[in-house]
There are 2 protein chains.
Amino acid sequence: MDRRQKKTRKAIFSAFSQLLAEKPYSRITVQEIIDTADIGRTTFYAHFETKDDLLKALCEELFDHILNSASNHSEQGLYSLQTAPESIFCHLLQHLKTNRPLIELLSGENNALFLRCFKSGLAELIRQRFESQLQLTYPKIPTDFLIHHLSGSFVEMVLWWIHGGLKQSAEELNHYFQIICKPLL
Amino acid sequence: MDRRQKKTRKAIFSAFSQLLAEKPYSRITVQEIIDTADIGRTTFYAHFETKDDLLKALCEELFDHILNSASNHSEQGLYSLQTAPESIFCHLLQHLKTNRPLIELLSGENNALFLRCFKSGLAELIRQRFESQLQLTYPKIPTDFLIHHLSGSFVEMVLWWIHGGLKQSAEELNHYFQIICKPLL
DNA sequence: ACAATAAAAGAACAGAATGTTCATTATCCT
DNA sequence: AGGATAATGAACATTCTGTTCTTTTATTGT
């Protein structure tokens with residue numbers, strides 16, 4: 001990728017993140033992004049078709065990073081998946097807690113797209129790790145549903161955590177999650 | 001309230017719902033709502049300040065109805081709260097299944113505001129019914145968190161249900177929910 | 001039934017955002 | 001160094017927004 005492209009792309013992402021921290025997504029205009037990033041109008045449209053397109057790209061970058069990190073972690077110790085603080089979930093929570101930009105975006109007014117990304121990425125992770133286990137424990141319930149429930153519950157818990165001001169430690173929150181999911185995992 | 005006002009308000013809601021079924025909220029313009037509702041531009045702005053304002057009003061109307069219905073139902077039989085199909089949750093699911101417009105809105109691209117309404121309304125309902133019970137079962141976990149978890153899980157389940165094409169019966173889904181929440185309720 | 005009241009309609013407006021085109025300039029890569 | 005590629009800036013037609021003002025229509029109380 002051309003150095004200029006990388007530079008522009010970075011400037012756009014940076015401007016967009018900055019604006020997202022200030023106001024809800026719906027109130028941000030392409031014009032503002034252009035002005036903040038200090039690039040030409042044409043340049044923006046050369047990189048992204050629409051504002052939604054940009055948001056999607058940002059989503060993917062952020063969650064790819066954090067979820068891949070969790071995924072790699074879990075492969076290192078297969079036997080510690082379910083015990084705090086080594087569980088994959090606890091690791092995820094710790095990562096999240098130190099990722100300010102991500103927290104900001106998740107707590108923002110217009111976090112719908114982020115949540116979708118987060119949930120679907122997490123669901124994939126859970127499917128890879130726990131599918132067979134879930135199938136055995138509850139043969140009569142669609143595994144699909146259980147995975148959806150777990151990823152949904154986790155993300156909802158994170159939202160509750162963030163809205164409360166991240167008062168609990170990652171370990172404590174992980175403990176809550178263990179209790180909630182006790183019959184499943 | 002003036003008969004004309006009621007008529008206009010209804011026309012706006014109707015047009016808006018219709019458009020929401022066709023395209024995501026973000027792609028709907030006030031202009032389109034005006035055209036579809038066949039009202040004057042000024043009239044729209046006399047009723048609602050912005051598009052967001054309208055969405056909020058629609059939300060409240062829809063969920064007030066379904067949640068109040070569930071709330072009343074549960075008061076009739078205090079002993080049947082946890083057993084299918086008389087549980088309050090099952091009743092909610094049955095109501096939902098027959099409410100096409102609501103289903104459409106919940107399954108739409110831009111359902112964030114609806115979900116917020118649904119979740120907060122449901123959380124309130126759960127708090128009223130189960131708060132003390134939850135507190136006794138898990139004294140060490142914030143009740144607030146458990147309520148959030150339950151309402152979140154329920155709504156997520158409904159979303160999964162809808163996206164799958166409402167293939168399961170309300171009773172079946174309620175059964176899933178019981179299993180998921182077994183340790184809590 | 002008839003004013004007084006209140007709402008809807010319609011036209012017209014300024015301001016702003018969108019998405020595109022095109023010629024020009026700057027930067028990169030080999 | 002030179003061809004390729006990206007960024008720029010200006011201009012443009014369209015569309016949407018939110019507001020103002022005047023005219024028309026419907027409702028309510030007496």
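Note that the coordinates shown come from a computational prediction; the quantities given were computed from them, not determined experimentally. Below, chain A is the first sequence line, B the second, and so on; all start at residue 1.
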Atom-to-atom span, CD of B:Q5 to C1' of C:dT5 - whole angstrom: 12 Å
Counting side-chain heavy atoms from CB outward, which of C:dG19, D:dA7, C:dA8 is closest to A:Y45? C:dG19
Shortest non-hydrogen contact between B:I33 and B:I12, atoms and distance: CG2-CG2, 4.2 Å
For DNA chain D, what residues of residues 6-14 of chain B have any heavy atom nearer than 4.0 Å? none
Check this for me: A:K97, atom NZ, are more than 12 non-hydrogen atoms of other residues, nucleotides or ligands nearer than 6.0 Å? yes
Step through the shown structure and confirm whether more than 12 heavy atoms of other residues, nucleotides or ligands are within 6.0 Å of CD on A:E49. no
Atom pair distance, as rounded to whole Å: NZ in A:K51 and P in C:dG19: 10 Å
Please report the distance, rounded to the nearest Å, between CZ in A:F44 and C1' in D:dG9. 17 Å
A:Q128 side chain to A:E124 side chain, donor-acceptor N/O pair below 3.5 angstrom: yes
Taking the side chain as every heavy atom from C-beta outward, state whether B:I126 and B:F154 have any atom pair closer than 4.5 Å. no
Give the B/S/- string for nucleotides 20-30 of chain D, one per nucleotide from 5' to 3', where a protein heavy atom under 4.0 Å of the base yields B, of only the sugar-phosphate yields S, and otherwise -. BB---BBS---
Sorted by number, the residues of residues 22-33 of chain B with heavy-atom contact under 4.0 Å to DNA chain D: B:T29, B:V30, B:Q31
Looking at A:I147 and A:A123, what are the two nearest heavy atoms and their distance? CG2-O, 3.5 Å
Go through the structure and list residues passing ring-ring contact (aromatic ring centres under 6.0 Å, His included) with A:Y138, not counting sequence neighbours. none
Looking only at side-chain atoms of B:R41, point me to the closest of C:dA12, C:dA9, C:dG19. C:dA12
Run the side-chain donor-acceptor check on residues 155-167 of chain B: report pairs under 3.5 Å with partners two or more places apart or on a different chain.
residue : atom : partner : partner atom : Å
B:E156  : OE2  : A:K119  : NZ           : 2.7
B:W160  : NE1  : A:D144  : OD2          : 3.0
B:W161  : NE1  : B:Q168  : O            : 3.0
B:H163  : ND1  : B:L159  : O            : 3.0
B:K167  : NZ   : B:G164  : O            : 3.1

If an axis is fit to five pairs at each end of the helix from C:dA1-D:dT30 to C:dT30-D:dA1, what is the angle between the two, to the nearest 10°? 40°
Return no unless some side-chain N or O of A:H47 is found under 4.0 Å from OP1 or OP2 of D:dA7. yes
Check against salt bridge (charged side-chain N to carboxylate O under 4.0 Å, His left out), A:K51 and A:E32: CA-CA 11 Å; A:K51 204 176 58 160; A:E32 283 174 308; over 6 Å; no
Length of the line joining B:L54:CG and D:dT17:C1', which is rounded to integer Å: 15 Å
Less than 3.5 Å apart, any donor N or O on the side chain of A:Y45 or A:D53 sitting next to an acceptor on the other? no
Salt bridge flag under 4.0 Å for residues B:R27 and A:D52: yes
Among A:N111, A:L62, A:L115, exactly one meets side-chain contact (heavy atoms from CB on, under 4.5 Å) together with A:L105. Which residue is that? A:L62
Looking only at non-hydrogen atoms, find the nearest pair between A:M1 and A:K6 and report the distance. O-CE, 3.5 Å
